[in-house]
Every structure is written in C-alpha cells, then in structure tokens.
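Down below is the structure, laid out as structure tokens.
Because the structure is a prediction, the values reported are computed rather than measured. Numbering of ligands and ligand atoms starts at 1, following listing order.
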Amino acid sequence: MSFEGKRLVVVGGGSGIARRIVVDAREAGAEVTWAGRNPAQLTAPGIRTAFADLGEESSLKALAEGAGEIDFLVTLAAAPANGSVTALDRDAVVRAFDAKVVGPLVLAKHFAPRFREGGAMVLFSGVAAWRPVPGRTVMATTNGAVAFLAEALAVELAPVRVNAISPGIVDSGAWDRLGEAKEEFFRRTAEANPARRVGRAADVSAATLQLLANPFVTGSVLHVDGGGRLA
Ligand SMILES: NC(=O)c1ccc[n+]([C@@H]2O[C@H](COP(=O)([O-])OP(=O)(O)OC[C@H]3O[C@@H](n4cnc5c(N)ncnc54)[C@H](OP(=O)(O)O)[C@@H]3O)[C@@H](O)[C@H]2O)c1
C-alpha cells in the first residue's frame, strides 16, 4: 500500500499503537504530523510534531490551521476512567469522553473543510463496548459512543469516509502498568480469544492504514480483537 503524497495527521500519545501507525504510514510514503499533549515525547524519524489536547478546542483549531489540507486523520487517545460506578469521579468521566468522543468530534469540526478528495478519518473504539464488565462502564460507554460517532460523521461529512477501529487486548505498552501480572493476563486472554493470541500494535496499524485507503468503506467498525468480543 503506497501513501506517497498523502498527508496524515495522527492525534494521540506516544503509545505503541499511535507510534506504529506513524512509523508505518511514514514508511509507506505519507507526510505525517503526530500531535499530542507532550510533543517532545512524539519521536519518530521524518515526521512533524504538534501540540494537541483533545479536551482543549483552541489546540485542535490551531492544529487544523497548521496542518492545511490533509488526506487522512486518525485519533486514538484514551483517558480511561475505570472503577465501580458508585466511586466514579465526574471530572475523570468528562476527561474520558473528551479523549474519545467530544475531542474527536471537535477535531472533525475543524478538519472537515480541509480534507482533499478521497479523504478519510479513523476513530478508536475498543472491545470493552461489546464485552462490558463491572468497573469498566465508562470505557464501555465511550467506546460504544465512538462506533455511533463514526456512523453519524460518515453521513454528515460525506464523501469524507469515517470509520472506527475496535482493538481487543493489544500489547501496546498500555498494559505494562500491570507489572508482573501482565504475562498472566495476556496468557489468559490469548487462551480465550478465538485467534489464540493477544494483539500487536502492528496488527492494529495495518488495519488502520487499510481503512484509510479503502475507498468503499465508511461508517464501519473494524474489530481488530482476535475475536475477543465473542469469547
Ligand atoms: N491497548 C489495548 O489493549 C486497547 C484495547 C482496546 C482499545 N484500545 C484503544 O486503542 C487506542 C490506542 O491504545 P494504546 O494502548 O496504544 O494507547 P494508550 O496507551 O491507552 O494511550 C492513549 C494516549 O492518549 C493520550 N491522551 C489521553 N488524553 C488525551 C487528551 N486529552 N489529548 C491528547 N491525548 C490524550 C495519552 O498520552 P499523553 O499522556 O502523552 O497525552 C495516552 O498515552 C486507544 O483509544 C485505546 O482505548 C487499546
């Protein structure tokens, strides 16, 4: 797949999945801008970096103005507000919706007039929406909202295509916080997943570039979850 001459903006932290998309798109020939709250940490060869906080509209407006015309936009930030409903912190819930739902909607507002012909946007949902568990209600709801946001934006921004990726459990670096418990968690997840493994950032990156490139896919959720939502 060639992205030669294509201009891509990726919004999200320096995590495994965002980084892999940036590197793969660059290697495929795209001109990439990688934006996040800590631009100094967004290091990859041959790319531009910019500041963007999905909870701050002025930064998203400035990002769009600085980007000029683009072909592709990917937003994959997350600010999970986990914990039982009775213990939820309202501000954390708002930050979770800012990162996944409100921020991407505001990005769409500012980038909509800037897409070239054939333009496309990819949002990031997640398997928690299809496999709710106690303590992950906010995650399930934000990810579920992303799926409907992709459908609504696909209709309103047409012919710009808008799709969502729903990753399952992916070894992106995000799970390193589990420490020694990570390997056991991955082992149990792999055992239950129909694909019999956990995901890699490369799996999700490949699916993202395919969604951006395919001219006849819009308003869809692509489940890159090893079948985890069915397990
Ligand atoms: N990894 C998995 O197993 C998995 C499973 C299901 C779904 N997903 C989804 O896939 C996407 C990527 O996952 P990941 O594991 O690579 O990422 P991640 O480690 O969850 O990182 C998400 C990043 O979002 C950034 N962020 C949070 N709030 C933000 C804001 N207001 N503005 C800008 N950036 C913000 C943070 O970076 P800074 O702190 O540097 O700003 C954070 O590093 C996420 O949407 C995630 O929910 C992942």
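Ligand 1 has a nitrogen or oxygen under 3.5 angstrom from a nitrogen or oxygen of Leu54. At least one N/O-N/O distance between Val170 and ligand 1 falls below 3.5 Å.
Short contacts between ligand 1 and Trp175, defined as distances under 4.0 Å to a heavy atom of the residue, involve ligand atoms 1 (N), 2 (C), 3 (O). Of all atoms in ligand 1, numbered sequentially from 1 with element shown, those under 4.0 Å from a heavy atom of Leu76 are 11 (C), 12 (C), 44 (C), 45 (O). In summary, the atoms of ligand 1 found under 4.0 Å from a heavy atom of Phe124, numbered by their order in the structure, are 10 (O), 11 (C), 45 (O). Numbered from 1 in the order shown, with element, the atoms of ligand 1 that lie under 4.0 Å from a heavy atom of Gly168 read 2 (C), 3 (O), 4 (C), 5 (C), 6 (C).
Between the choices Ala99, Ala78, Ser125, Ala174, the shortest heavy-atom distance to atom 27 (C) of ligand 1 belongs to Ala78. Evaluated by nearest non-hydrogen atom to atom 33 (C) of ligand 1, the leading choice among Arg37, Arg95, Lys100 is Arg37. Considering Gly126, Ser172, Pro167 only, the shortest heavy-atom separation from atom 8 (N) of ligand 1 involves Pro167. Scanning Thr75, Ile17, Asn38 for the heavy atom closest to atom 13 (O) of ligand 1 points to Ile17.
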What's the verdict on salt bridge (Lys or Arg N to Asp or Glu O under 4.0 Å) for Glu184 and Arg187, showing C-alpha distance, side-chain angles and the deciding distance? CA-CA 5 Å; Glu184 175 57 14; Arg187 193 192 61 71; 2.9 Å; yes
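Distances shorter than 4.0 angstrom occur between a heavy atom of Ile169 and an atom of ligand 1. Distances from ligand 1 to the non-hydrogen atoms of Gly103 include no value under 4.0 Å. Between Ala35 and ligand 1 there is no heavy-atom distance shorter than 4.0 Å.
Within 6.0 Å of atom CD in Glu65, more than 12 heavy atoms from other residues, nucleotides or ligands are found, so the atom counts as buried in its surroundings. No more than 12 heavy-atom neighbours from other residues, nucleotides or ligands sit within 6.0 angstrom of CZ on Phe148. Heavy atoms from other residues, nucleotides or ligands lying under 6.0 Å from CZ of Arg177 number more than 12.
Given atom 34 (N) of ligand 1, the protein heavy atom at minimum distance is Ala77 CB, 3.5 Å. Nearest protein heavy-atom contact of atom 43 (O) of ligand 1 is Gly13 CA, 3.9 Å. Given atom 21 (O) of ligand 1, the protein heavy atom at minimum distance is Ser15 CB, 3.7 Å.
Among Lys6, Arg116, Arg114, the one residue that satisfies the salt bridge (Lys or Arg N to Asp or Glu O under 4.0 Å) test with Glu69 is Arg116. Remark: of the listed residues Arg26, Arg7, Arg48, Arg7 is the sole one forming a salt bridge (Lys or Arg N to Asp or Glu O under 4.0 Å) with Glu31. With respect to Ile165, the side chain to side chain contact (heavy atoms under 4.5 Å, CB included) criterion is satisfied by exactly one of Val122, Val146, Ile21, Asp225: Val122. Under the side chain to side chain contact (heavy atoms under 4.5 Å, CB included) test applied with Leu54, the options Val102, Thr75, Val106 reduce to a single match, Thr75. Partner Arg197 forms a side chain to side chain donor-acceptor pair (under 3.5 Å) with one of Asp203, Asp171, Thr189 and no other, that one being Asp203.
Taking the six-membered ring for Trp and thresholds of 30 and 60 degrees, Phe186 and Trp175 have ring planes more than 60 degrees apart, a perpendicular arrangement.
By the 4.5 Å heavy-atom criterion applied to side chains, Arg131 and Arg136 are not counted as neighbours.
Residue contacts with ligand 1 for Ala201 are absent, since no atom lies close enough (heavy atoms, distance under 4.0 Å). Here Asp53 has heavy atoms under 4.0 Å from ligand 1 in both its backbone and its side chain.
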